Structure formats: structure tokens, C-alpha cells
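Everything on this sheet refers to the single structure shown next.
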Amino acid sequence: MQRYLRPSLLRNAGLQTFDDWASNFGEVVSKAELKPAGNGYRTKKRFAKFNNVPELMQMFKEFADI
């Protein structure tokens, strides 16, 4: 949403790509999960946790009507 409504805000913060944004505000977590066939487990990496939530909310409040 930020990318479409306030690209200048992201550019000024140095967060022009999703990878920049994700490394600043998210954390990738590895977890074992059951394979679809049901015959074992596999390790999957997922974007699961948020970091720096107060800073993210401050950036969101710049363009959102809350």
C-alpha cells in the first residue's frame, strides 16, 4: 500500500525495494511442516514476524486516515 500511496516516503527512508522493506520490518522464520503427500517433513521459510512495528505504524499514519 505504501508503494502506491507514498512512494516518496519509502524513497526518503531508503526502502525502495521489497527486500529493503522486508529486512527492515520483517523476519523470515524456518519451520518444519508436513509434506503434502504426508510421508515426512520439510523445512519451509516464511515471512512470519514483524519488527520495528512502531516505526512501521508511524510511516503508515503519514498517508492513512486513522
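Only a predicted model underlies this, so the values are computations on that prediction, with no experimental measurement involved.
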Check: Going from CE on M59 to CD on E55, what distance comes out if it is rounded to the nearest 0.5 angstrom?
Finding: 10.0 Å
Margin query: Is there a path of hydrophobic side-chain contacts, each under 4.5 Å between heavy atoms of I/L/V/M/F/W/Y residues, joining F18 to V53?
Written below: yes
Check: So how far is it from N52 CG to F25 CZ, rounded to the nearest 0.5 Å?
Finding: 6.0 Å
Margin query: What's the separation between atom OG1 in T17 and atom CZ in R3, rounded to the nearest 0.5 Å?
Written below: 9.0 Å
Item checked: salt bridge (charged side-chain N to carboxylate O under 4.0 Å, His left out) evaluation trace for R46 with E27 -> CA-CA 8 Å; R46 299 192 185 276; E27 183 177 333; over 6 Å; no
Checklist line | Separation of Y41 OH from K31 NZ (nearest 0.5 Å) | finding: 13.0 Å
Notebook entry, point to check: Side-chain heavy atoms under 4.5 angstrom apart, residues restricted to Ile, Leu, Val, Met, Phe, Trp, Tyr: same cluster for F47 and L10?
Noted result: yes
Check: Is it the case that one hydrophobic cluster holds both M57 and L9, taking links as side-chain heavy atoms less than 4.5 Å apart, direct or via other members?
Finding: yes
Item checked: Check: V29 and K49 side chains under 4.5 Å, non-hydrogen atoms -> yes
Margin query: Rounded to the nearest 0.5 Å, what separates atom CG in L34 from atom NZ in K44?
Written below: 13.0 Å
Next item on the list: Please check if the side chain of N24 supplies one atom and the backbone of D20 the other of a donor-acceptor pair under 3.5 Å.
Entry: no
Notebook entry, point to check: With a 4.5 Å heavy-atom cut-off, do L56 and K61 have their side chains touching?
Noted result: no
Check: Would you say the side chains of W21 and Q16 form a donor-acceptor pair under 3.5 Å?
Finding: no
Check: To the nearest 0.5 Å, what is the distance between CG (L5) and CZ (F60)?
Finding: 8.5 Å
